Number of protein chains: 2
Amino acid sequence: MKETAKLFKALSEEVRLRVLGLLCHGELCVCDLMEVLDLPQSTISRHLSYLANAGWISGERRGVWMYYRFREDGGDLQQEMLAVLSRHLAVLPAVARDHERLAQYLKTRRPCACC
Amino acid sequence: MKETAKLFKALSEEVRLRVLGLLCHGELCVCDLMEVLDLPQSTISRHLSYLANAGWISGERRGVWMYYRFREDGGDLQQEMLAVLSRHLAVLPAVARDHERLAQYLKTRRPCACC
DNA sequence: GACACATATCCGCCTATGCGGATATATAGT
DNA sequence: ACTATATATCCGCATAGGCGGATATGTGTC
């Protein structure tokens, strides 16, 4: 029950919804998100921790970078919620704008040793 | 976007999840919920206001009583979320216990003029 | 080890919101 | 109008959590 509430609480904040919207495209590191969302590093990192703690995402270190992506091993509720959520985030104007910014950003991203 | 976050925020609290679990059975008034959840009236009323404000439920006055039920006219996200949610709430032990208490309570509920 | 870079955490500040008793309001019955 | 009942709102208090700059930690390079 507490876990269920926690799962929803993680979705109750605009920045976190935008982060999840972007992660629908695939894994991203903190600095990618900073660039696209135009928010300070501490803010991004804090929200990522929150999402990870709630069980939505997990991070993997590759060199200096931490890459975050959706977890595939969540419970039933989480899996079904993710399906509903990803479909609906795509419709939100703010998320669509973020997607465009991401596409633009990926074109010019400086080369990265690990990917 | 703010609306989406608000919808989830309403689901981020245990008492509210329990209330929604009970409302899956059909409409209930504040005093029904007080009895079944064994919480003070101000607490129940506050959470119901919160849920109504987020768009999950609506209240209808019948005499002295306010009956609350799920809204049927929510957006796509809300409808799909409700389907997922109701299925999963039923599985939670705390919600199952509440259902039993509700069944017990309904047997002895004193007659009500309006229903 | 010194440095640069990416990330996590700490800090003080502020707002939102939880709680439950007390009070205000609305309605029905007499 | 008075009373009883149901509900909503107010109040003070406590905690959670948002923010972003500052600092600490981890990692690769030289």
Side-chain angles (χ1 to χ4, degrees), chain A residues 1-3 5-20 23 27-54 56-69 105 109-115, chain B residues 1-3 5-20 23 27-54 56-69 105 109-115:
Chain A
M1 172 73 103
K2 267 196 160 54
E3 283 306 306
K6 199 168 165 183
L7 216 50
F8 287 120
K9 195 158 200 171
L11 303 181
S12 73
E13 213 274 339
E14 293 198 73
V15 174
R16 287 196 291 267
L17 288 178
R18 292 174 70 195
V19 167
L20 293 180
L23 289 183
E27 62 179 13
L28 291 170
C29 67
V30 180
C31 54
D32 293 337
L33 291 164
M34 285 175 59
E35 281 293 326
V36 176
L37 295 178
D38 192 29
L39 287 169
Q41 183 263 325
S42 64
T43 296
I44 299 289
S45 191
R46 180 164 25 85
H47 284 300
L48 287 169
S49 295
Y50 202 113
L51 285 168
N53 184 258
W56 279 107
I57 63 175
S58 63
E60 183 198 347
R61 176 145 233 143
R62 287 216 289 283
V64 208
W65 297 274
M66 281 291 292
Y67 282 85
Y68 286 91
R69 69 171 84 83
Y105 163 75
R109 175 157 69 165
R110 73 195 171 320
C112 159
C114 51
C115 41
Chain B
M1 171 73 104
K2 266 195 162 51
E3 283 305 305
K6 200 168 166 185
L7 217 50
F8 286 121
K9 195 160 200 169
L11 303 180
S12 72
E13 213 274 338
E14 293 198 73
V15 174
R16 288 196 291 266
L17 288 178
R18 292 174 70 196
V19 167
L20 294 180
L23 289 184
E27 62 179 13
L28 291 170
C29 67
V30 179
C31 54
D32 294 335
L33 291 164
M34 285 174 60
E35 281 293 326
V36 175
L37 296 178
D38 192 29
L39 287 169
Q41 182 264 326
S42 63
T43 296
I44 299 289
S45 191
R46 181 164 24 85
H47 284 300
L48 287 169
S49 295
Y50 202 112
L51 285 167
N53 185 257
W56 279 108
I57 62 177
S58 63
E60 182 196 346
R61 176 145 234 144
R62 288 215 288 282
V64 207
W65 296 273
M66 281 291 292
Y67 283 84
Y68 286 91
R69 70 172 82 83
Y105 162 76
R109 174 158 67 165
R110 73 195 171 319
C112 159
C114 51
C115 41

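Note that this is a predicted model, so its numbers are computed, not measured. Residue numbers start from 1 in every chain, and the chains themselves are labelled A, B, ... in the order their sequence lines are given, proteins ahead of strands.
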Can you tell me how far the CZ atom of Arg46(A) sits from the CZ atom of Arg16(A), to the nearest 0.5 Å? 9.0 Å
Please list residues of residues 45-53 of chain B whose heavy atoms come under 4.0 Å from any atom in DNA chain C, ordered by number; otherwise none. Arg46(B), His47(B), Tyr50(B)
Can you check whether Arg16(A) has a side-chain N or O nearer than 4.0 Å to OP1 or OP2 of dG18(D)? yes
Verify side chain to side chain contact (heavy atoms under 4.5 Å, CB included) between Leu20(B) and Leu11(B), making sure each step is shown before the conclusion. CA-CA 9 Å; Leu20(B) 294 180; Leu11(B) 303 180; 3.4 Å; yes
When rounded to whole Å, the CH2 to C1' distance for the pair Trp65(B) and dG29(C) reads 11 Å
dA8(C) C1' sits how many Å from Gln41(A) CD, rounded? 7 Å
Of the listed nucleotides dT7(D), dT27(D), dA28(C), the one nearest the side chain of Tyr68(B): dT7(D)
Which of dA26(C), dT7(C), dG20(D) is nearest the side chain of Thr43(A)? It is dG20(D)
Rounded distance in Å - CE (Met34(B)) to C1' (dT7(D)): 10 Å
Member of Leu48(A), Ile57(A), Val36(A) meeting the side-chain contact (heavy atoms from CB on, under 4.5 Å) criterion with Val19(A): Leu48(A)
Roughly, in whole Å, what's the span from CG in Leu28(A) to P in dT7(C)? 11 Å
Let me know the distance between NZ of Lys9(B) and P of dG18(C), rounded to the nearest Å. 8 Å
Supply the atom-to-atom distance Leu51(A) CG to Glu13(A) CD, rounded to the nearest 0.5 angstrom. 9.0 Å
Gap separating the SG atom of Cys29(B) from the CZ atom of Arg69(B), nearest 0.5 angstrom: 12.5 Å
What integer distance in Å separates Leu17(B):CG from dG18(C):P? 12 Å
Between dG21(D), dG18(C), dA6(D), spot the one nearest the side chain of Cys31(B), thanks. dA6(D)
Are any non-hydrogen side-chain atoms of Tyr68(A) and Leu28(A) less than 4.5 angstrom apart? no
Measure the CD-NZ distance between Glu3(A) and Lys6(A) for me, rounded to the nearest 0.5 Å. 5.0 Å
Nearest to the side chain of Val64(A), heavy atoms from C-beta on, is which of dT27(D), dG21(D), dG18(D)? dT27(D)
Interatomic distance, Arg62(B) CZ vs dT7(D) P [rounded to whole Å]: 12 Å
May I have the distance from Asp32(B) (atom CG) to dT7(D) (atom P), rounded to whole angstrom? 8 Å
From the candidates dG28(D), dA22(C), dG18(D), the one with an atom nearest any side-chain atom of Ser42(B) is dA22(C)
